[in-house]
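Chain letters run A, B, ... following the sequence lines, proteins first and then strands; every chain starts at 1. Side chains are part of it too, since the values below use all heavy atoms of this structure and drop only hydrogens, waters and symmetry mates.
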Amino acid sequence: MAQPTISNSTDFIRDIIDEDIRTNKHAGRVATRFPPEPNGYIHIGHAKSVCLNFGLARQYQGTCNLRLDDTDPAGESMEFVESIIRDVHWLGFDWGEGRLFYASDYFERLYSFALEFIKTGNAYVCSLSPDEIREYRGTFTEPGKESPYRNRSVEENLSLFKRMRSGEFEDGAHVLRAKIDMAAPNIVMRDPIIYRIKREPHYRTETKWVIYPMYDFAHCLSDAMEGITHSICTLEFENNRPLYDWIVEKLIPANRPKQIEFARLSVSYTVLSKRRLIELVQKDYVNGWDDPRMPTVTGMRRRGYSPEAIRKFCAEIGVAKNDNLIDVALLEHCVRDDLNERAPRVMSVLRPLRVVIDNYPENRAEVFECQNHPQNPDMGIRQVPFSRVLYIERDDFMEDPPKKYHRLGPGREVRLRNAYVIKFESMVKDEQTGEVLEIHCAYDPQTRNAPPAGGRKVPGVIHWVSAEHGVPAEVRLYDRLFSIEDPESEEDFIPNLNPNSLEIVTNCYVEQSLKNAKPGSQYQFERLGYFCVDADTKAGKPVFNRVVPLRDSWTKIAEGK
RNA sequence: UGGGGAAUCGUUCAAUGGUAGGACAGCGGACUCUGACUCCGUCAAUCAAGGUUCGAAUCCUUGUUCCCCAGCCA
């Protein structure tokens, strides 16, 4: 008797599996698979499927195969296979020993199944042209017409199909079709093509084959051969389920896998369709598959998203059959939630404004010990040098500040984070432009680790970097790739690209402790956001990606007034 | 138009004839050496109309809207 499953998150798929286990279907076994085609990099939508399929296997102590669904040589490559393997592993899943499969490894067996189909009268070689096949298929409202080749003898079919394999014909000369019903209301069932001639080398089988099985034939049989119990796919395959069942029923009827369809993921302000992602890369709208603006797993990794955050997101969005458009804010929430716990805090100034502390001794340099995480002392402390000349954020000084602004301005005081309270004294302006070049302040020596005397309230706290000790850095600020919520719904999506999706800021200063930060490591730049050391980093010259900004209630206040 | 699906707060997931709930977003407040985090509060939904029932998001009827299918892609 199978054990009941304990799970706090439930969905219709888990309900089905629970019921199958209850009735001891498949002897209570759960076997899933993740079946990407290696013709592109996997993205956040695939991650949803990865988490679902591998998560189910984990939850029900079953198995989940990784299967490369490589039945169409066009566009498939080993580069993509390797990226998929790397990305699934990085997401935190493993298929285990002997569970990495390729549909292309089944070509010979699939061919045998096709032969069997011909012999049992379930398939025939059709010699109509592609255009004719389309015409004969009929329309939504009109039934199709039977192909004149539909009743060829078994012998003729066998001979033709073998000759197809041996390379006697050009592309498109013949196809193998399942003999079902040209009048079926479901167009998928109108004698679907199951093999086509394609004289194109395959990245694994090279030139061994010139005929390739179609998805509808290869996928269900691959599932059945692997002993998959629950074949989970997206909604657009619902129409194909009768064909899936029809084929397996006739060739491998024992333990037929159950196809279950769920809604694919859509995320606002981005595109996930493979065709469009490829276009973004090929036409250089982005800098490759791992561009941090891309919704690919490799892009998100480079951006600084963690696998934990992505898994959390996939758990949060759930699984259902409704078409959806998930707010990218939920993804960002999951990323912040994860990084808030794990990212050490540091101080960095993106747009520096020079501040001179007039009453601070010229040659003095203090080193402050700063907490790496205010809520987690276990993360330790680091040393941050302080000196007479500092940089602060240009945004943190205003000559004529609005109400509610509690940073630096004429006549104002502000707390330097982890350091002293300083008071504005004067400023130096460019005579031509009026731009503020530098400001002079006085510090209050009593305020180190202490509130100012006399009960003065200093509401503002700003970050800073010692000019002498700061490390020059480049910071790349990312914004959403598209400027409209649902670019996928537009016929032409390119005009909706966000022209400001990348801003490169080159004259930043990060604190000394970041000088040799390792690529991939993540930090919170206090008051700014979460940042990740980019792979472009050179020794002593760090490059950071902004993973996601901190939530910012000030901008709302400032814009509202 | 034939077939296949789906309709619940702004978004999304739940509630499986018995108090419509959570998350994100929004708004308000508390706290704060991060305008972050955290905490508290708050706004807000059953596609429509009939019917069955003591009782309907859930069952029935009719209608409406949206998505998918006419690749030798997957």
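Note on Ile133(A): a base of the nucleic acid sits closer than 4.0 angstrom, heavy atoms only. As judged by a 4.0 angstrom heavy-atom cut-off over every strand, Lys198(A) is placed among residues touching the sugar-phosphate backbone only. Using a 4.0 Å heavy-atom cutoff across all strands shown, Gln375(A) reaches at least one base atom of the nucleic acid. Using a 4.0 Å heavy-atom criterion, one finds that Arg336(A) contacts no nucleic acid atom at all. Using a 4.0 Å heavy-atom cutoff across all strands shown, Pro36(A) reaches no nucleic acid atom at all. Counting non-hydrogen atoms under 4.0 angstrom, Arg137(A) reaches the backbone sugars and phosphates but no base. Using a 4.0 Å heavy-atom cutoff across all strands shown, Asn239(A) reaches at least one base atom of the nucleic acid. Nucleic acid contact for Met214(A): sugar-phosphate only, since backbone atoms but no base atoms lie under 4.0 Å from a heavy atom of the residue. Nucleic acid contact for His406(A): base, since at least one base atom lies under 4.0 Å from a heavy atom of the residue. Asp216(A) comes within 4.0 angstrom of no nucleic acid atom, judged by non-hydrogen atoms across all strands. Arg345(A) comes within 4.0 angstrom of a nucleotide base, judged by non-hydrogen atoms across all strands. Using a 4.0 Å heavy-atom distance criterion, Asp171(A) is classed as making no nucleic acid contact. At a threshold of 4.0 angstrom between heavy atoms, the contacts of Gln524(A) include nucleobase atoms, whether or not backbone atoms are also involved. Contact annotation for Ala419(A): base contact, defined as any heavy-atom pair under 4.0 Å involving a base atom.
The ring-ring contact (aromatic ring centres under 6.0 Å, His included) check on Phe424(A) picks up Phe397(A), with sequence neighbours excluded. Under the side-chain contact (heavy atoms from CB on, under 4.5 Å) criterion, Pro401(A) pairs with Met398(A), Tyr405(A), Arg412(A), not counting sequence neighbours. Residues passing the side-chain contact (heavy atoms from CB on, under 4.5 Å) test with Asp444(A) are Gln446(A), Thr447(A), Arg456(A), sequence neighbours excluded.
Across the P atoms, A49(B) and G29(B) are found 38 Å apart, a figure rounded to whole Å. Only the P atoms considered, A20(B) is 13 Å distant from U58(B), to the nearest whole Å. Straight-line distance between the P atoms of C37(B) and A25(B): roughly 9 Å, to the nearest whole Å. Comparing the P positions of G17(B) and U38(B) gives a spacing of 37 Å, expressed to the nearest Å. Between C66(B) and A48(B), the two C1' atoms lie 15 Å apart (nearest whole Å). A44(B) and U12(B) have their C1' atoms separated by 14 Å, with the value rounded to a whole Å. Taking the P atoms as reference points, U62(B) lies 42 Å from C24(B), given to the whole Å. Comparing the P positions of U53(B) and A45(B) gives an interatomic distance of 30 Å, to the nearest angstrom.
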Quick one: do Leu408(A) and Asp396(A) satisfy side-chain contact (heavy atoms from CB on, under 4.5 Å)? Show the steps, please. CA-CA 6 Å; Leu408(A) 204 53; Asp396(A) 288 338; 5.8 Å; no
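Counting only N and O atoms by type, the side chains of Arg33(A) and Ser231(A) include a donor and acceptor under 3.5 Å apart. Side-chain contact annotation: Glu526(A) with Gln524(A), donor-acceptor N/O pair under 3.5 Å absent.
Taking the O4'-C1'-N9-C4 or O4'-C1'-N1-C2 dihedral as appropriate, G71(B) has a value within 90° of 0 and is therefore syn.
Between Tyr149(A) and Tyr124(A), a ring centre-to-centre spacing not shorter than 6.0 Å is recorded.
Screening residues 166-182 of chain A for salt bridge (Lys or Arg N to Asp or Glu O under 4.0 Å) gives Arg163(A)-Glu168(A) as the qualifying pairs, with residues at least two apart or on separate chains.
Under the 4.5 Å side-chain criterion, counting only non-hydrogen atoms from C-beta, Leu514(A) is in contact with Ser348(A).
A salt bridge links Glu308(A) and Arg342(A); the closest N-O separation between the charged side-chain nitrogens and carboxylate oxygens is under 4.0 Å. Between Asp395(A) and Arg407(A) no salt bridge is recorded (no basic side-chain N to carboxylate O distance below 4.0 Å).
In RNA chain B, consecutive stretches of 3 or more Watson-Crick or G-U wobble pairs with both distances under 3.5 Å are given as paired ranges: B:2-7 with B:64-69, B:10-13 with B:21-24, B:26-30 with B:38-42, B:47-51 with B:59-63.
For RNA chain B, the outermost nucleotides in 5' to 3' order that have an atom under 4.0 Å from a heavy atom of chain A are U1(B) to A74(B).
The residue among Thr141(A) and Asn240(A) whose nearest nucleotide of RNA chain B is located toward the 5' end is Thr141(A). Nearest-nucleotide assignment on RNA chain B puts the 5′-proximal partner with Tyr420(A), out of His219(A) and Tyr420(A).
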